[in-house]
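Every chain is numbered from 1, with letters handed out A, B, ... down the list of sequences. Hydrogens, waters and symmetry mates are skipped; everything else that's a heavy atom, side chains included, is used. For clarity, every value in this text was computed on a predicted model and none was experimentally measured.
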Amino acid sequence: MAKVRVRYAPSPTGKPHIGNIRTALFNWLFARHSGGDFLIRIEDTDRERFVEGAIETQLHALKWLGVDWDEGPDIGGPFGPYYQSQRLELYKERAEALIASGHAYRCYCTKERLDKLREHQVERGLPTGYDRRCRDLPAEDVARHEAEGTPYVVRFAMPREGTVTWTDAVFGEMSWEARILDDHVLMKSDGFPTYHMANVVDDHLMEITHVIRGEEWLPSTPRHVLMYQAFGWTHPVFVHATNILGKDRRKLSKREASAEFLNYERDGYLPEAIFNFMALLGWSTGEDRDMYTREEIIERFDLPGLVGRPAILDTDKIAWYNGVYIRALPLTDLARRGLPYLQAAGLVSGTPGDAEIDYIGRVMALEQERIKTLAEAPQLADFFLLDDDKYVFDEKAVQKWFRNEGAADKLRRVRERFESLSDWAAAGLEEIVRGVAETLEIKPAEVIHPVRVALTGRTFGPGLYETIEVLGRDRSLRRLDRAIGLIDSLV
RNA sequence: GGCCCGGUAGUCUAGCGGUUAUGACGCCUCCCUUUCAAGGAGGAGAUCACGAGUUCAAUUCUCGUCCGGGCUACCA
């Protein structure tokens, strides 16, 4: 059996969409599972929609996900070039060959006539499609057009009858009547090929064995099968992965934040979490498991596991995956990966010293189990990083724990004993706090809560004693003073 | 309108003629606990879209209906 060769063929018309990247992931997984090749081909045949920088972001998205390629626009390969805009001659030759063999013809119809034709068809509720006017043009008309240099497109001469059949790896036996297919355009008047043409020619020339692509291509697959037949080539295995839908059950629009793949990087999701999640969206191992390493997924990936129904993107589940992966991160990794987010929020300088790095590591250790995305780090940990006179007291927290009889007294007692504590560690700190409660004959919580608000400004967060330990003696005392001052000013 | 593909809890899914219909996310309760998380133990949630067939037996096979999605460009 021939070596598996698959491709991801983005068109540089915008930012990467999660559906496309998932398709790329499926291709890559299949290649790596089968020991085959995965290549990237840029389908830049639409000159009007080309977006500057789009190719770079596509490649960046794949790199971030950990998907690599064996051949592609940036690294070349034996089947290049990998830009369709650089393969124009190839398509032109094949188009001529198709015309010569009677499988294609030149069409001189104007855009205006085509528009009018469509309008007419829609009005009458007829199926839309080209009416084949140029298919059997008298020789003298053709000669005249050639003499006048009339612009033309090349159209595929669709068989007038018969049935096209093939087997889709996801949907099974497929059968279409050729009769309902119109003569689609192969070459545009600007000399560029259409998707159909470039795709079929390149997939054949690049020896692609499996075409794993989005479900939206299913209806044009019979055209492709017929083209392979006209060329005398065998077609690859077609694999149509279903679309990803939004919460409204509609195809995830590019406008939605969850659709734009790079948002996950920006928002602090870990690529390994996204990888795990995406592989399992529309594909299943058949096991009762949700957590898989990259290697385990490669090992299990196969075509029969592809699910034949569109999936709705569940952002809650992505967040859950991310939390699991963050909790599993070694501390140094977590600190390193969270650092840029802290810096972006202005909480850490651009060039932190060793002591600062060490401190951030200890902070992240305390926040690790409650962080869902790295982007949340600043808002969860800001009080650790802000100056002692800058961290913000939450209004409700102050209301609940500071506006009562004895609040300042509790803090003063705690402060006094903190000051004389010799070993600044969680155990000793706890002893003091509980000791104060005992002295005052109140529940520990009655002391714990105001102390937390005093030191962090809020009512929630990591364990109090660990928090105080990390904050350190000087900062803790300063903060207690600040809180006592605040309470006094309230009265 | 025409053609095509789907339809198992709110969501992702297992299932491939006979199961108490699988696991997970989310939701709820309890435990742990100084809070928030995390963790542990439970729970609610599915007439397997609906209606006919085939069969001793249908979530599983067939057909119809309904619903959802996709395509219907000199865009991919």
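Nucleotide B/A38 has no partner under the Watson-Crick or G-U criteria, as no pair reaches both atom distances under 3.5 Å. Figure legend. B/C63 is base-paired to B/G51; pairs are counted as Watson-Crick or G-U wobble with both atom distances under 3.5 Å. Pairing partner, B/G26: none, since no Watson-Crick or wobble contact has both distances short of 3.5 Å. B/U19 makes up no base pair with any nucleotide shown, lacking Watson-Crick or G-U wobble contacts both under 3.5 Å. B/U33 is unpaired under the Watson-Crick or G-U wobble criterion, no partner having all donor-acceptor distances under 3.5 Å.
A distance of about 33 Å separates the P atoms of B/G17 and B/G42, rounded to the whole Å. Comparing B/A58 with B/C48, their C1' atoms are spaced 11 Å from each other, to the whole Å. B/C27 and B/G70 are spaced 33 Å apart, taking the C1' atom of each and rounding to whole Å. Remark: the separation of the C1' atoms in B/C36 and B/G45 is 27 Å, to the nearest Å. B/C4 and B/U60: their P atoms are spaced 23 Å apart (whole Å). Comparing B/A14 with B/G23, their C1' atoms are spaced 7 Å from each other, to the whole Å. Here, B/C56 and B/C31 have their C1' atoms 50 Å apart, quoted to the whole Å. The same atom, C1', is picked in B/U8 and in B/G68; the two are 15 Å apart, to the nearest Å.
Contact annotation: A/Lys247 does not reach the phosphate of B/G26 (side-chain N/O to OP1 or OP2, under 4.0 Å). An OP1 or OP2 oxygen of B/A76 is reached within less than 4.0 angstrom by a side-chain nitrogen or oxygen of A/Thr45. At least one side-chain nitrogen or oxygen of A/Arg250 sits closer than 4.0 Å to the OP1 or OP2 atom of B/G69. The phosphate of B/A73 has OP1 or OP2 within less than 4.0 Å of a side-chain N or O from A/Thr128. Considering only side-chain N and O atoms, A/Lys111 lies nowhere under 4.0 angstrom from the phosphate OP1 or OP2 of B/A73.
For the residue pair A/Arg223 / A/His184, a side-chain donor-acceptor distance below 3.5 Å is found, with atom types taken as modelled. In this model, no donor atom of one side chain and acceptor atom of the other lie less than 3.5 Å apart for A/Tyr83 and A/Glu43. In this structure, a donor-acceptor pair under 3.5 Å is present between the side chains of A/Tyr292 and A/Glu287. There is no side-chain donor-acceptor pair under 3.5 Å between A/Tyr8 and A/Asn20.
Closest approach of A/Ile326 to A/Lys372, counting heavy atoms only: CD1-O, 3.6 Å.
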Nucleotide by nucleotide, nucleotides 11-25 of chain B touches protein heavy atoms under 4.0 Å in the pattern (B base, S sugar-phosphate only, - none) BBSS-------BSBB

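Residue A/Arg223 is classed as having no contact, given no heavy-atom separation below 4.0 Å to the nucleic acid. Within the 4.0 angstrom heavy-atom criterion, only backbone atoms of the sugar-phosphate kind lie near A/Ser11; the bases stay farther away. Using a 4.0 Å heavy-atom distance criterion, A/Trp176 is classed as a sugar-phosphate-only contact. Residue contacts shown for A/Lys372 are limited to sugar-phosphate atoms, with no base heavy atom under 4.0 Å away. Counting non-hydrogen atoms under 4.0 angstrom, A/Pro151 reaches nothing in the nucleic acid. Here A/Met187 lies out of heavy-atom contact (under 4.0 Å) with every strand. Using a 4.0 Å heavy-atom cutoff across all strands shown, A/Gly461 reaches at least one base atom of the nucleic acid.
The residue among A/Glu430 and A/Ser175 whose nearest nucleotide of RNA chain B is located toward the 5' end is A/Ser175. Place A/Leu218 and A/Gly129 on RNA chain B by their nearest nucleotides, and A/Leu218 ends up nearer the 5' end.
Using a 4.0 Å cut-off between charged side-chain N and carboxylate O, A/Glu161 and A/Arg179 make no salt bridge. Salt-bridge annotation for A/Lys317 and A/Asp290: present, with a side-chain N of the basic residue lying under 4.0 Å from a carboxylate O of the acidic one. A/Lys247 and A/Asp316 are not joined by a salt bridge, as no carboxylate oxygen comes within less than 4.0 angstrom of a charged side-chain nitrogen.
The NZ-P distance, from A/Lys396 to B/C36, rounds to 15 Å in whole Å. Across the protein-nucleic acid pair, A/His224 atom NE2 and B/C71 atom P stand 14 Å apart, rounded to whole Å. The distance from atom CD1 of A/Ile468 to atom P of B/U35 is 15 Å, rounded to the nearest whole Å. Rounding to whole angstrom units, CZ of residue A/Arg370 and P of B/U34 are separated by 14 Å. Between A/Asn322 atom CG and B/A38 atom P the separation is 13 Å, expressed in whole Å. A/Asn243 places its CG atom 7 Å from the P atom of B/C71, with the value rounded to the nearest Å. Counting to the nearest Å, the P atom of B/G2 and the CZ atom of A/Arg124 are 17 Å from each other. Atom CE of A/Met158 and atom P of B/C3 are 17 Å apart (whole Å).
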Please report, to 0.1 Å, the donor-acceptor pairs under 3.5 Å made by any side chain of residues 439-450 of chain A, with sequence neighbours excluded.
residue: A/Thr439; atom: OG1; partner: A/Gly435; partner atom: O; Å: 2.8

Return all side-chain donor-acceptor pairs below 3.5 angstrom for residues 392-401 of chain A, not counting sequence neighbours, or 'none' if the list is empty.
residue: A/Asp394; atom: OD2; partner: A/Lys396; partner atom: N; Å: 3.2
residue: A/Asp394; atom: OD2; partner: A/Ala397; partner atom: N; Å: 3.0

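With distances taken from any side-chain atom of A/Arg327 to the nucleotides B/A76, B/G39, B/C74, the minimum falls on B/G39. When the nucleotides B/G39, B/C71, B/A76 are ranked by their closest atom to the side chain of A/Lys251, B/C71 comes out on top. The side chain of A/Phe460 sits closest to B/C36 out of B/C36, B/A76, B/C4.
Within the 6.0 Å centre-distance limit, the rings of A/Phe30 and A/His210 are counted as a close aromatic pair.
Donor-acceptor pairing under 3.5 Å, judged by distance alone, is absent between the side chain of A/Thr194 and the base of B/C74.
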